[in-house]
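Letters A, B, ... mirror the listed sequences (proteins, then strands); counts begin at 1. All heavy atoms count here, side chains included; hydrogens, waters and symmetry mates do not.
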Amino acid sequence: MAEDVKSINFLEQLIEEDLANGLSPDKLRFRFPPEPNGYLHIGHAASICLNFGLGEKYNAPVNLRFDDTNPTKEEQEYVDAIKYDVEWLGFKWDKVCYSSDYFQQLYDWAVELIKKGKAYVDGQSAAAMAEQKGTPTTPGVASPHRGQSVEENLDLFERMKNGEFEAGRYVLRAKIDMASPNMLMRDPLLYRIVNKAHHRTGNDWCIYPMYDWAHGESDYIEQISHSLCTLEFKPHRELYDWFLDQIYEDTKLRPKQREFARRNLSYTVMSKRKLLALVQTKTVAGWDDPRMPTISGLRRRGYTPESIRKFSELSGISKRDSVTDVSLLEFCIREDLNKTATRVMGVLDPVKLVITNYPEDKEEMLIAENNPEDPNGGTHEVPFSRELYIEREDFKEEAGNKFFRLTIGNEVRLKSAYIIKGESVVKDAAGNITEIHCTCDPDSRSGSGTEASMRKVKGTLHWVSIKHAVKVEVREYDRLFLDEAPDSHGDKDFMDFVNPDSLKIIKEAYVEPFLKEAKLDDKFQFQRLGYFTLDKDATSDHLIFNKTVGLRDTWAKQQSKPEQQNDHPAAKPAQSQQQEQRSAINEIQKISKKYTNLSGDKLASARASIMNLAEGVSYEELQPLFNTAAKKVGTRIGVMITLGVLLNKGLVRNSEIDAFIEAGLNDANELLASEAKTIEAIK
RNA sequence: UGCCCGAUGGUGUAACUGGCAACACGUCUGAUUUUGGUUCAGAAGAGUCUAGGUUCGAGCCCUAGUCGGGCAACCA
């Protein structure tokens, strides 16, 4: 059996290296460090799955640590929600920790820093300090308080702690380097005064540590071996290490900060600030609105923990900014639900179907499979009668032979029931179809084993018996934004791209009575439509179903094709002359590269394309390519062909051109030599 | 104008210490199917941002450039 060569990401490689260099496996420890100031989203899920996944892989403990150093933004409510989400995803933490647990230790260390002359209290305004900080391109200047005596610093810092000053009056700063190219090293703040009760420490403190001071030291206290964060913290690493240097004792493990790219999802936004804006502007109903990319939103929408973990696994970890297509997320949830969801029938856009040869008072219970993917999934009963609802779009009075559904004179199967044949329609005064009349083949009942029941028909429809149907509300969701990356447009606000039709509420949908028993976390497949789950707003006499995701629909895709084609010509406005030229030379380079790999027709057509594109190329663009390395024959051939076109158009030869042709003539490659020869002939 | 990252099919990730680019999603065929789903078989699509260089050989190494992102909160 071939080994499963599962590649490991760069962080796992680092861990493997550390292990190989003598790090004891039992020293491995990770942490997931959310700030309790908002709800977790699918981007956090990447970090959760990474850290807890590493914990599982290396059998190492993982702490859930709340980075709660800013009482103005953080609340207990968020702590609870975050814990719930992490558990729901299926992960087990070793300890729940809080940065606030370390406030005393952090304070003590800060005092030591002051004593060592590595920190000072600054009483300037925030604006003045920002001014002194300089800019990324100009060095900063020292604060007038930088040289303050240790005694004075100690005194002021203690009084800060004792609450003698109003908020913002003083800060404690590390004394590092005001000229560092890294702005974060220009005497960063360690503490500020905040007169606000903390959700855990109450009014014990009125000074609070900043992120950089708290985070690395918390890692050290907890003996986290690998502290993984997102890319924007890369510049913080230098400071992280500087702070660690001040307190590190070599009997202990020294944590390492490493960075990975945050995960973006197409057609949505992922920052807490932007998600909050959606909530506050009532664009969505709340943090757990099923259109939100929050864990709670996805849960309410019907996503499973397995699907989200799978998504994280498939997305991978890397160091480059990227936008993962939602189609991957959708694939993950379909894959999971296909295996597990109970099959039922529901009609969202009903039209009445009357089976004229079925007795008016007859009712029968038919057997429906719960899940064809699961042989042990069992069955349930579905009531059948003379009058049914079917989907309006499943009927056309007449249609081409690519329409597999019900038409007049054609047969289709009613899922788990009989084969029927369309006979006639009843319309209202406006010409709308109000009833479809059909006849059924009484011998064709599903599972009856008769010859008629085995007959192949082109289509199968879902349906629900009117007399037994349960009226329910169904909510269908579309992407929240019309743009793939709504927050990537510098000139436009992401809110400009909100999809006005992201929520469709169907007040009168009908489902089979089996669904009366549905419970909150149950997952269903409404056959031929998609996956649905009960919304938390549902009550026993008013069921509400959320559509998690539709089934793949190749029929809908085919239907929309002609439209797309019509859209195309108008979609691309004429490019500017310059752009065309630039892309022409680029295009030539691209084609040329693989030129020597081609032969026969392909070669001829590549040559023709180059000649065509050459019309849009200027000598100024072409000339630099004369220097193309001799071994890059393809490119040189392309350049030669292009040159030929230009010469034919009247370009005057010069010494550069002569030299290029000369070199081509003498080249070992026959294609190049022959192109050069052709051109040589042009006067 | 400084510093730090990054650049591989439409998208996301691979390619062990250099050995002519793989997997998944998506797309397109065909078969099977009592879900136009699932499953199965197959196809198209990148020669790795550009230009030099090192090497028998470069997506991996070196140099220069281009493009994209981050950095000047008493936020994390």
Taking atom P in both B:U63 and B:C25, compute the distance separating them and give it to the nearest angstrom. 39 Å

Give a yes or no on whether a salt bridge exists between A:R405 and A:E391, defined as a side-chain N under 4.0 angstrom from a carboxylate O. no

Please determine whether any donor N or O and acceptor N or O are separated by less than 3.5 Å between the side chain of A:R405 and the base of B:G36. yes

If we call it a pair only when both distances are under 3.5 Å in a Watson-Crick or G-U wobble match, what pairs with B:U63? B:A51

B:U35 base / A:R343 side chain donor-acceptor hit below 3.5 Å: yes

Check: B:U8 base within 3.5 Å donor-acceptor of A:R320 side chain: yes

Give a yes/no answer on whether the side chain of A:R552 brings an N or O atom under 4.0 Å of OP1 or OP2 in B:U38. yes

Does the gap between the ring centers of A:F311 and A:F331 come in under 6.0 Å? no

So, is A:T554 close to the B:G37 phosphate, meaning a side-chain N or O under 4.0 Å from OP1 or OP2? yes

Whether A:K523 and A:D336 form a salt bridge (side-chain N of Lys/Arg under 4.0 Å from carboxylate O of Asp/Glu) is what I want to check. no

Given the structure, check if the side chain of A:Q525 and the base of B:U35 hold any donor-acceptor pair shorter than 3.5 Å. yes

Could I get a table of every N or O pair under 3.5 Å where one atom is in the protein and the other is in nucleotides 16-25 of chain B?
residue : atom : partner : partner atom : Å
B:C25   : O2'  : A:S327  : OG           : 3.3

Taking A:R413 for its side chain and A:S444 for its backbone only, find out whether a donor-acceptor pair lies under 3.5 Å. yes

When A:S416 and A:S315 are each assigned the nearest nucleotide of RNA chain B, the 5'-most assignment goes to A:S315

Tell me the partner of B:C23, counting only Watson-Crick (N1-N3 plus N6-O4 or O6-N4) or G-U wobble (N1-O2 and O6-N3) with both under 3.5 Å; none if nothing fits. B:G12

Please confirm whether any donor atom in the side chain of A:E373 sits under 3.5 Å from an acceptor in the base of B:G37, or the reverse. yes

Ring center gap for A:F233 and A:Y240 short of 6.0 angstrom: no

How about A:N370 and A:T342: does a side-chain donor come under 3.5 Å of a side-chain acceptor? no

Taking for each residue the nucleotide of RNA chain B with the nearest heavy atom, is it A:L414 or A:T324 whose nucleotide lies nearer the 5' end? A:T324

Rounded to whole angstrom units, what separation is found between the CD1 atom of A:I207 and the P atom of B:C74? 17 Å

Answer yes or no: is there a side-chain heavy-atom contact under 4.5 Å between A:K458 and A:N401? yes

Measuring to OP1 and OP2 of B:G6, would you say a side-chain N or O of A:K319 lies under 4.0 angstrom away? yes

Round to a whole Å and report the spacing from CZ of A:R263 to P of B:U11. 14 Å

A:K133 has an atom NZ; how far is it from atom C1' of B:C74, in whole Å? 10 Å

A:T69 side chain near B:A76 phosphate (N/O to OP1/OP2, under 4.0 Å): yes

OP1 or OP2 of B:C5 sitting under 4.0 Å from any side-chain N/O of A:R262? no

So, is A:K456 near the phosphate of B:U34, with a side-chain N or O under 4.0 Å from OP1 or OP2? yes

May I ask which nucleotide in the shown strands pairs with B:C3, Watson-Crick or G-U wobble, both distances under 3.5 Å? B:G70

Determine whether the aromatic ring centres of A:H215 and A:Y211 lie less than 6.0 Å apart. yes

Scanning all shown strands, the Watson-Crick or wobble mate of B:C75 with both distances under 3.5 Å is none

For nucleotides B:C28 and B:C60, find the distance between their P atoms and express it as a whole number of Å. 35 Å

Within 90° of 0 counts as syn, otherwise anti: where does B:G52 fall? anti

By a 5.5 angstrom centroid cut-off and a 30 degree plane limit, is there stacking between A:Y211 and B:A76? no

Between A:H199 and A:Y78, does the ring centroid distance fall short of 6.0 Å? no

Rounded distance in Å - CG (A:N70) to P (B:C75): 6 Å

Can a side chain N or O of A:K557 be found less than 4.0 Å away from OP1 or OP2 on B:G36? no

Going by modelled atom types, is there a donor-acceptor pair between the base of B:U34 and the side chain of A:R413 at under 3.5 Å? yes

